[in-house]
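As structure tokens, the structure follows; a few thoughts come after it.
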Amino acid sequence: MVDIITRFPPSPTGYLHVGGARTALFNWLYARHTNGKFVLRIEDTDTARSTQASVDAIFEALEWLGIEWDAGPYFQSQRLDIYQEYIDRLVAAGHAYYCTCSSEKLEVMRAAAMEKGGKPKYDGTCRDRGLAKTDNAVVRFKAPLGGTTVLKDVVKGNIVFQNDELDDFIICRSDGTPTYNFVVVIDDITMNINTIIRGDDHVMNTPKQMLIYKALDVPLPTYGHVPMVLGSDRTRLSKRHGATSVTAYRDMGFLPDAFINYLVRLGWSFGDQEYFTREDLIEKFSLENIGRSAGVFDQEKLLALNAEHIKATPIKTLAQLLIPFLEQEGIQAPESAFVEKVVETLAPRSKTLKEMARDAVFYFADTIAYEEKADKKFLKQKALEPLTLLVAELEQIEAFTEENLEDAFRAVMEKSGLKLGKIAQPVRVALTGRTASPGIFEIIAIIGRDKVLDRVSKAVAHIKDKSESME
RNA sequence: GUCCCCAUCGUCUAGUCUGGUCCAGGACACCGGCCUUUCACGCCGGCGACAGGGGUUCGAAUCCCCUUGGGGACGCCA
């Protein structure tokens, strides 16, 4: 049995988007699953729109996703000789011909066809003229006039196309550069690609490409057209639905493993399983379980999955990943060991790394800024007594062990007659500035005696200030 | 307009090929409860779907047809 060889052929006209990432993933996963090969090819025949920045952005995104290629990257712009050779061959064999119809004429032709209720296509003016190569002639592929072309698609089943629907499409522009439908085939043939998994939007291109295989007498690859990813309004996912660039998700604090888990699971399934590690995916991925219908991208579910992956990630790893996000929050060069302790308290309650970093800020701050609501609700007169008592108790403790801390709080409870809940909330606000946070004892153990005393004392002073200014 | 594809909870989906075990299962979201020093986590429970209509069949979410709805493609873009 020959190796499965898949490929991902992005065109460098922008960043890698969600849909592209998903087809890359399917191809990569299938290659890994079958112990085959995965090829990366950059489709840059459109010189006007291709940029180096886009190429770099695509590499960057692929790297983040953890998708590695076994061959390439190949650049179509460097393979022009190969294409030319095949074009000449097709023309010589009578499978293609030169055409001098102007684009203006074609436009008129298309408009007329539309009006008559037909499909806009080339009328074949130059098809049998036997024109020789001239400066501004294009090369057209000579499509069969009748019959059908049947696509055996592994995800969609058999799709039958009437060859009459196809027209003599251009394979080489008047400037001499070859076009997409042609180069794809030549590349796939010369790179030995035998499995093509791509977006649904390519279905209509497939019969054209199959015809070229036939003209060249080369066996067809296996095709699998996967349904597209839609936005919440069920139209093709685009910028107006929110972030579509892969790296934007990285910057929002998603874990690559969570992201690929979500993307693959959108349109593919393995029974009821929702959570997959990268290894799971490689082990379980198969073409048979790809769904036939398009799916809506749902960030809520991605978020939930990300939270799960965060919980499953070792603390040390998370800490390293969190550091850049902490820096974005203005925390410079935090010490790893300290970050690890912080992460331990935040990991179970964070949906993204960005959120985790935001929630971690108070651990590092010199002064605590109280959230308005928190201040109003908890730092009031009633809190003065327990906070003052707590400062007194804490001052007597040398080591801030969990046991000692509990004793201190218990003492405050007894002396004030308040329940722990009534004491903990003001303390939480004093320590974090917010009403929601990890457990009080955990926080105290991490920020340490000096800062705790300082923060609680400052809260006491703050309450006194407030009551004075009220008078 | 023409061609192609698709159709199960709000969303992702299992089940469809090989009709009965499905008065349809899971997950996210939402709602309620438990746990609890807050928020989360976790646990328990609830809400919620076979687009419609015809067939075929003893029996259909599953097979066939039509309708409707949605998506995609119609470039000297890829």
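Numbered from 1 within each chain, the chains take letters A, B, ... in sequence-line order.
Interface remark: the R349(A) side chain does form a donor-acceptor pair with the C39(B) base, using a distance-only criterion of under 3.5 Å. Under 3.5 Å, the side chain of K301(A) and the base of A27(B) form at least one donor-acceptor pair of N or O atoms. In this model, a side-chain donor or acceptor of N205(A) finds a partner on the base of A78(B) within 3.5 Å.
A side-chain donor from one of T51(A) and S54(A) sits under 3.5 Å from a side-chain acceptor of the other.
For G75(B), neither phosphate oxygen OP1 nor OP2 lies less than 4.0 angstrom from any side-chain nitrogen or oxygen of T179(A). Contact annotation: R173(A) side-chain N/O to C77(B) OP1/OP2 distance is under 4.0 Å. Between S269(A) and the phosphate of A14(B), there is a side-chain N or O to OP1/OP2 separation shorter than 4.0 Å. Contact annotation: R110(A) reaches the phosphate of C76(B) (side-chain N/O to OP1 or OP2, under 4.0 Å). For C76(B), neither phosphate oxygen OP1 nor OP2 lies less than 4.0 angstrom from any side-chain nitrogen or oxygen of R49(A). Of the side-chain N and O atoms in R236(A), none sit less than 4.0 angstrom from OP1 or OP2 of G71(B).
Within the nucleic acid shown, K311(A) comes within 4.0 Å of sugar-phosphate atoms alone, with no base atom in reach, counting heavy atoms only. Here C99(A) lies out of heavy-atom contact (under 4.0 Å) with every strand. Among the protein residues, T45(A) comes within range of the sugar-phosphate backbone only, with heavy atoms under 4.0 Å from sugar or phosphate atoms but none that close to a base. Across all strands shown, P438(A) has heavy atoms under 4.0 Å from base atoms, whether or not it also approaches the sugar-phosphate. Nucleic acid contact class of V138(A) (heavy atoms, under 4.0 Å, all strands): base. Within the 4.0 angstrom heavy-atom criterion, no nucleotide atom of any strand lies near T177(A). Using a 4.0 Å heavy-atom distance criterion, I159(A) is classed as a sugar-phosphate-only contact. In this structure, G267(A) reaches the sugar-phosphate backbone alone: every heavy-atom distance under 4.0 Å involves primed, P, OP1 or OP2 atoms, never a base. No contact: H225(A) has no heavy atom under 4.0 Å from any strand. If you check every strand for non-hydrogen atoms under 4.0 Å, F169(A) touches nothing. Here G295(A) lies in heavy-atom contact (under 4.0 Å) with sugar-phosphate atoms only. Looking at heavy-atom distances under 4.0 Å, I170(A) makes contact with a base.
Pair assignment for U18(B): none, as no Watson-Crick or G-U wobble contacts are both less than 3.5 Å. Taking a pair to require two hydrogen-bonding distances under 3.5 Å in either a Watson-Crick or a G-U wobble arrangement, C43(B) pairs with G33(B). In this structure, A27(B) and U11(B) make a Watson-Crick or G-U wobble pair, each of the two defining distances being under 3.5 angstrom. Base-pair partner of A73(B): U2(B) (Watson-Crick or G-U wobble, both distances under 3.5 Å). Under the Watson-Crick or G-U wobble criterion, with both distances below 3.5 Å, U57(B) is left unpaired in every strand shown.
The interatomic distance linking Y83(A) (OH) with A78(B) (P) rounds to 11 Å, in whole Å.
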Practice item. Could you please spell out the steps behind the side chain to side chain contact (heavy atoms under 4.5 Å, CB included) verdict for E308(A) and T313(A)? Key: CA-CA 9 Å; E308(A) 270 193 75; T313(A) 304; over 6 Å; no
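Going from the P atom of C41(B) to that of A29(B) covers 8 Å, rounded to whole Å. Here the separation of C66(B) from C5(B), taken at their P atoms, is 13 Å to the nearest Å. If you take atom C1' in C23(B) and the same atom in U8(B), they sit 15 Å apart, rounded to whole Å. The separation of A61(B) from C17(B), taken at their C1' atoms, amounts to 14 Å, rounded to a whole angstrom. Using P as the reference atom, A49(B) and C3(B) are 36 Å apart when rounded to the nearest Å. Atom name C1', nucleotides C47(B) and C31(B): the rounded distance is 7 Å, in whole Å. The gap from the C1' atom of C22(B) to that of A60(B) amounts to 11 Å, rounded to the nearest Å. The separation of G55(B) from A14(B), taken at their C1' atoms, amounts to 28 Å, rounded to a whole angstrom.
Mapped onto RNA chain B by nearest heavy atom, C172(A) and F161(A) fall at different nucleotides, with F161(A) at the one closer to the 5' end. Summary of the strand contacts: E442(A) and Y180(A) both lie near RNA chain B, and taking for each the nucleotide with the nearest heavy atom, the more 5' one is attributed to E442(A).
Across C6(B), G26(B), C3(B), the shortest atom-to-atom separation from the side chain of S293(A) is found for C6(B). In this structure, of C5(B), C76(B), U37(B), it is C76(B) that holds the atom nearest to the side chain of S174(A). Residue R292(A) places its side chain closer to C6(B) than to any other of C6(B), U11(B), C12(B). In this structure, the nucleotide among C39(B), G1(B), A29(B) sitting nearest to the side chain of E300(A) is A29(B). Of all nucleotides listed (C12(B), C4(B), A14(B)), C4(B) comes nearest to the side chain of M204(A). Ranking A29(B), A78(B), C76(B) by closeness to the S11(A) side chain, first place goes to A78(B). Closest to the side chain of A424(A), from the set U13(B), A27(B), U37(B), is U37(B). Side chain of D272(A), nearest nucleotide from A78(B), C6(B), A14(B): A14(B). Checking C76(B), G71(B), G26(B) against the side-chain heavy atoms of L230(A) singles out G71(B) as nearest. Comparing C39(B), C12(B), A73(B) against the side chain of D201(A) picks out A73(B) as the nearest.
A cation-pi contact, defined as under 6.0 Å to the ring centre and within 45° of the axis, is absent between R129(A) and Y97(A). A cation-pi arrangement is found for K208(A) relative to F169(A), the charged atom lying closer than 6.0 Å to the ring centre and inside a 45° cone about the ring normal.
Taking the centre of each ring, F297(A) and F259(A) stay at or above the 6.0 Å mark.
Each of V427(A), V391(A), V412(A) was evaluated against P386(A); a single residue qualifies, V412(A), per the side chain to side chain contact (heavy atoms under 4.5 Å, CB included) test.
Between D201(A) and R236(A) there is a salt bridge, since a side-chain N of the basic residue sits under 4.0 Å from a carboxylate O of the acidic one. The existence of a salt bridge linking R410(A) and E406(A) is confirmed by a sub-4.0 Å separation between a basic side-chain nitrogen and an acidic carboxylate oxygen.
Although no hydrogens or angles enter the test, the distance criterion places no donor-acceptor pair under 3.5 Å between the side chain of W28(A) and the main chain of F8(A).
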